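A short worksheet on the structure shown next.
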Amino acid sequence: MFMSKSTRTNATSARAFAALLGCALLGSTLLGCGEDTAPAAAWEQDWQVSQPIVVNGDMLFVNQTMEQVVRLRPTRDGEDIGLDVERVKTGADPGVRAISADESQLYVINERHGEQDATMSVFGLDQDSLEAKTVGLDSAYDRISVDPAGEFLLLSFTGASGDFIARNLNELGIVDLRDGIDEDARADFETLSKRARGIEFAPPFELGGEPQRLAVALSPSAVTLVDLLAEDGPNRLREVPLTISQADQVKTPVQAIFDVTSENTSTDDEDDIGAQNSVSLYLRTDAGDDITRVTIQPSIRPESARKFDISVNQLAGGSKPARMELLDLGDQGTRLITSDGSQPKFTMIDVETGESSTFDLPMTRPASNLIVYKVVDESGAEAVTQTRVLAWSSESDLAAVIRPESIAIGDETPTLGRSVEALRLQARPSSVEIDETSGGTRAIVRYDGLGSGFTVLDLNANRAVPIQGESLGSIFFGQSFAYGTFRGRAYLGIFDLSTGHPSTFELPYEGTNIYVDEADELIVVQHADPTGTFTLLNAVNPTPEHAKVYNNIFLQDLFAQELP
Amino acid sequence: MNCLKMTQNRHLVLSGMVVGTFFLGATLLSTTANAQDNAAAGDANLSVRHEEPTPRVQWSDTNGLVVSIRSATFETPDDSFDAFGGDADYTGGQVEVGYDFGATVVPGLRGYLIYSGGGYATKSRFGGQVDLGWRRDLLMVAADFGPELWGFFRPSIRFGGGYARQTLETEIGGIDRTGHDHGIAGFGAVSLEFFTPRGFFNGFQIGLAVEAGGLLQSSASFDEMQTDGGTNGDWSHRQVDLGELSASGRFVSAGAELIVPFD
């Protein structure tokens, strides 16, 4: 049988069709040979998000798992409540973090586990969008010391264990922030002879007619003065021993206070060149009864390569001083006040003469803390600002208010009720803090576990307002009200700080942290969910109808993110 | 994890290679057979008569019903699917009902209604903080076109499209939530069918079918997740938007089919 023409045409078409299909199939098969990539390791890691850092009504979190900083910004337009979420990558393995003194920057050290070097991310917080700049580091430091003047950062090691190859615990990283941070910014580092246990900055001052910046690193039996403006090695670090011999008992400085006040930098005696233009550093150590004064003044020898001459002397600080504070008493000059560590007494020291006197405190236990604050005395014809010192101890339900201006050093023990006044608290306090939102006229006394509530101290009137709150969890103090959450109960409490009157409101879940954005009149309650669940409430009318609950906000856009 | 992903992909590649090998073999057989046909035709012109050759290529010109049950493996190459584990593809079930329009429309043309469903089982992420599961259901219409070779083999190309629903299930902090996204999907594929010759069984044919192709799908976003177990009082909740999933990718399927021709 002959094959017809149409059959042959069909056969040719089929071959062409089949070849086309074959090529397509082969192509798709070969495409399957592409290389796979493993999912990011972060998917398998534990979820770790830091406690919040509250700055200007925004909340900042460091998400260590995702290696990012998250900023939550409550917004309000009339009755419409919102919560903006912003994320910025840090470097690898974000570790220790700190906020600048003016709260305009967030610093995060990125450790890069298992690596020698590290980076520091600097986030500008006063901009509309969150952006990070990077500073190169030679080591993964785990402590950031923030300059109150915002010009420098000092980075050091706590000595804690970590994931590192090798490190020099005596290293001190120095970051100069004065000219901002450019693309190639890198921290300098110096090596101390001993690891810094603590670092204290001196405020900017002038000495010898030149602007100066100093810091001090506290080490066992020595301190190191760090001249932040010095270019040369000999002046950059100046170690000051606190013992004559290293065989002596170790004296570790635990508190340092710089005194750069004008009274200290001049003298009436023009012939006394050594006393002119000096600043002082007062050191309290963990051993002994004395306060160490380090006097720093410009070198009087023109041939000296040293910028400063340094001298050390001792001031009688009572008995085993547990705390010291510097008091600027105006016409009366500058004094140091220390609290004894072994008995309820305090010591006033005239730093000009070195003379000191010790007085009793109306407390049952030694005062472990001193808080200096100012009050305005309006009883006379003119309002007068006066200095007060609140002495308290976590072991005593009695606190004391000291009026240092009424105490004459060398006099007998001042009469109670005039120079020193007792203040009975609800219980032994766990903390006492000046409430800055009140302008320093109020202190908040908290108790262990907060189960007993808290006490508001009116510092002007020396009056205590006890507020009881069962199982109070977290608390935030506003100008007129305190806002609290309760453990085990889905409620928030609003406390009138002038009367102590509480009001309670319902929450969708138990709250763990509470903040108030006073500009937008919003209460922000963070719940226990580690993935970030927040309730935003109208602060004036905090009811469910005027609230919004944001669930799992840290997982926002999870699928779109590039995980580390 | 990576090994698992590689194994899965190797499965996909092997499936493709099997299909390709079959197809290339069939193509070569077809070419040889047709060459023989042509030679036979030439010989016939020289008036040397051979045995009657069987027609090798046919275009179906009868109506019929086609039912197919398949296993389908879909690639999800987008990184967003790392959320559901290390696998780069999932295998689901697929049911197809087709109609051969050979007698009524165009010889060799079939139309299909296809359901395909499957996804990734719930996977625990971030140390158990988050559990995530995903599945996709496709309901599509498709048409394929292809010849029948030697009465038992049918290569074809197929195109289709339709409705796609993606479901995301989460369990975060002990609270279950479910979200659905409704979208569209379209695909193009090459298929190979091997079936019993007509008459082998009385009134029907059975066969095997394999297919490889690509699927395009609209991205899914899950910004309206619903809490399982009701609402939380009078509170207004804003559930988290986890972002978009892009589920486009290649696929292969294989399965059995039943053909009932309406002669």
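Worth saying up front: this structure is predicted, and the values here are computed from it rather than measured. Throughout, protein chains are lettered first and strands after them, A, B, ... in sequence-line order, and every chain is numbered starting at 1.
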How many angstroms lie between atom [atom1] of [X] and atom [atom2] of [Y], to the nearest 0.5 angstrom?
X	Y	atom1	atom2	value
B:Asp241	A:Asp557	CG	CG	5.5 Å
A:Trp43	B:Leu132	CH2	CG	6.5 Å
A:Thr65	B:Phe126	OG1	CZ	7.0 Å
A:Asn552	B:Leu242	CG	CG	8.0 Å
A:His546	B:Ser236	NE2	OG	12.0 Å
A:Gln556	B:Arg238	CD	CZ	9.0 Å

Exercise. Between A:Leu555 and B:Arg125, is any pair of side-chain heavy atoms under 4.5 Å apart?
Worked result: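 No - every pair of side-chain heavy atoms lies 4.5 Å or more apart.
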For this session: Would you check, one step at a time, whether the test side chain to side chain contact (heavy atoms under 4.5 Å, CB included) holds for A:Lys548 with B:His237?
Result: CA-CA 6 Å; A:Lys548 199 174 278 184; B:His237 284 262; over 6 Å; no
Problem set entry | Heavy-atom pair count under 4.5 Å with chain B, highest-scoring of A:Gln561, A:Glu545, A:Glu562, A:Glu506 |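 Of A:Gln561, A:Glu545, A:Glu562, A:Glu506, A:Glu506 has the most heavy-atom pairs under 4.5 Å with chain B.
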Exercise. Relative to chain A, which of B:Gly214, B:Ser221, B:Gly128, B:Gly127 shows the most heavy atom pairs under 4.5 Å?
Worked result: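 Ranked by heavy-atom pairs under 4.5 Å with chain A, first place is B:Gly127.
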Exercise. If you tally heavy-atom pairs under 4.5 Å against chain A, which of B:Ser124, B:Gly174, B:Ser246, B:Ser80 wins?
Worked result: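 Top option by heavy-atom pairs under 4.5 Å: B:Ser80.
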For this session: Grab the two heavy atoms, one from A:Pro544 and one from B:Asp234, that are nearest each other, plus how far apart they are.
Result: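 Closest heavy-atom pair between A:Pro544 and B:Asp234: CB-CB, 4.0 Å.
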For this session: Search all heavy atoms of B:Gly86 against all heavy atoms of A:Pro39 and return the closest pair with its distance.
Result: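 Smallest heavy-atom distance, with atoms named: CA-CG, 3.6 Å.
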Exercise. Looking at A:Phe559 versus B:Phe84, is the centre-to-centre ring distance below 6.0 Å?
Worked result: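 Centroid distance A:Phe559-B:Phe84: below 6.0 Å, so yes.
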Check whether [X] gets within reach of chain B through its side chain, its backbone, both or neither, counting any heavy atom under 4.5 Å.
X	result
A:Asp46	both
A:Ala528	neither
A:Leu563	side chain
A:Leu537	side chain
A:Thr535	side chain

For this session: Give a yes or no on this: more than 12 heavy atoms of other residues, nucleotides or ligands lie within 6.0 Å of atom OH of A:Tyr491.
Result: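 Count not over threshold, so no.
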Exercise. Within a radius of less than 6.0 Å around CG of A:Asp128, do more than 12 heavy atoms belonging to other residues, nucleotides or ligands occur?
Worked result: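 Not more than 12 within 6.0 Å, no.
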Exercise. Can you check side chain to side chain contact (heavy atoms under 4.5 Å, CB included) on A:Asn551 and B:Val240, steps first, answer last?
Worked result: CA-CA 6 Å; A:Asn551 294 93; B:Val240 67; 5.5 Å; no
